[in-house]
Amino acid sequence: MAGRTPAPLMLFAYLSILALALVFAGAAHRHADVRHSDVMQHAWKQLAPLLVRLPIALVAASFIGELIPQALFGRWLGDASGVTGILIASLLGGVMPGGPVVTFPLILVLERAGVGVPQLIALLTSWSCFALHRVLSYELPTLGWPFVWRRWAVTLILAPLAGLLTLWFH
């Protein structure tokens with residue numbers, strides 16, 4: 001991630017989505033009952049908000065990056081923080097609110113603020129597995145505590161393990 005600018009990354013993301021849309025359009029072409037205009041309309045409905053939100057989120061994250069005390073993040077979550085930083089990042093990821101349009105630009109800001117790669121991977125893994133806001137909004141009301149506790153029990157180790165494995169391979 002280090003040294004990359006957001007513009008090429010966004011272009012890659014957009015081109016990847018376009019390539020996937022073309023692959024699925026080609027697969028849908030095999031079915032006579034599929035109308036390609038409907039497929040493209042649905043694809044555009046999915047892509048259009050991303051084309052607006054992602055650049056705005058990256059600009060907002062850049063502003064947030066200026067407000068973040070880099071020395072604090074470097075000390076608590078930098079490469080030198082080791083296992084302690086991985087555990088802190090694992091906890092932070094679980095309580096960090098927001099969807100991918102907010103989280104990924106924030107990860108980019110944290111990387112530029114000096115957060116280590118193992119810590120970023122632990123944070124992102126924790127956000128993916130535990131995101132408390134998603135659990136409270138969706139999982140708990142629909143599936144109940146017994147399911148949530150079981151899922152958490154079997155995935156609790158994933159974020160620290162991902163960070164430790166990255167530390168080992170880094």
Side-chain angles (χ1 to χ4, degrees), residues 1-17 20 46 49-50 52-170:
M1 280 190 299
R4 293 187 187 167
T5 58
L9 295 175
M10 282 193 322
L11 180 62
F12 177 75
Y14 294 151
L15 292 176
S16 298
I17 292 170
L20 284 173
Q46 293 292 315
L50 181 65
V52 173
R53 291 179 186 157
L54 191 56
I56 292 170
L58 286 169
V59 169
S62 296
F63 290 139
I64 291 170
E66 295 300 319
L67 300 173
I68 290 177
Q70 293 188 5
L72 177 69
F73 277 95
R75 183 174 63 232
W76 287 96
L77 297 172
D79 280 324
S81 66
V83 175
T84 303
I86 289 171
L87 294 174
I88 292 169
S90 297
L91 180 64
L92 275 175
V95 298
M96 187 167 42
V101 174
V102 172
T103 301
F104 287 97
L106 188 56
I107 295 289
L108 182 63
V109 167
L110 292 173
E111 186 259 340
R112 289 187 177 162
V115 174
V117 173
Q119 291 77 7
L120 286 174
I121 289 175
L123 188 139
L124 190 56
T125 304
S126 178
W127 172 82
S128 299
C129 292
F130 302 115
L132 190 59
H133 69 284
R134 285 193 310 260
V135 169
L136 294 175
S137 299
Y138 302 107
E139 215 173 304
L140 187 60
T142 58
L143 301 171
W145 274 117
F147 179 86
V148 171
W149 286 116
R150 284 183 187 110
R151 189 183 68 77
W152 275 4
V154 298
T155 59
L156 188 61
I157 192 71
L158 292 179
L161 182 62
L164 289 171
L165 286 172
T166 306
L167 187 64
W168 189 41
F169 290 117
H170 187 59

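Numbers here are sequence positions counted from 1. As the structure is a prediction and not an experimental result, all values here were calculated from the model.
W152 places a side-chain heavy atom less than 4.5 Å from the side chain of V135. By the 4.5 Å heavy-atom criterion applied to side chains, R151 and L143 are not counted as neighbours. For the pair V95 and F130, the minimum side-chain heavy-atom distance is 4.5 Å or more.
Defined by atom type and a distance below 3.5 Å, a donor-acceptor pair is present between the side-chain atoms of W127 and T103.
Listed for the T125 side chain is no donor-acceptor partner under 3.5 Å among the backbone atoms of A159.
Applying the side chain to side chain contact (heavy atoms under 4.5 Å, CB included) criterion to A89, with sequence neighbours excluded, gives L77, Q119, A122, L123.
Distance CD1/I107 to CZ/F104: 7.5 Å, rounded to 0.5 Å. With rounding to the nearest 0.5 angstrom, the CG atom of L92 is 13.0 Å from the CG atom of L124. Note: L132 CG to L140 CG = 9.5 Å, rounded to the nearest 0.5 Å. Going from atom OG1 of T84 over to atom CG of L87 covers 6.5 Å, rounded to the nearest 0.5 Å. To the nearest 0.5 Å, the span separating CD1 on I121 from OG on S90 amounts to 11.5 Å. To the nearest 0.5 Å, the span separating OG on S128 from CZ on R134 amounts to 6.5 Å.
Across all non-hydrogen atoms, the minimal contact from P118 to T166 is CA-CG2, 3.8 Å.
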_Is there a side chain to side chain contact (heavy atoms under 4.5 Å, CB included) between L106 and M96? Walk through the geometry before answering._
CA-CA 10 Å; L106 188 56; M96 187 167 42; 3.4 Å; yes
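More than 12 heavy-atom neighbours from other residues, nucleotides or ligands sit within 6.0 angstrom of CH2 on W145.
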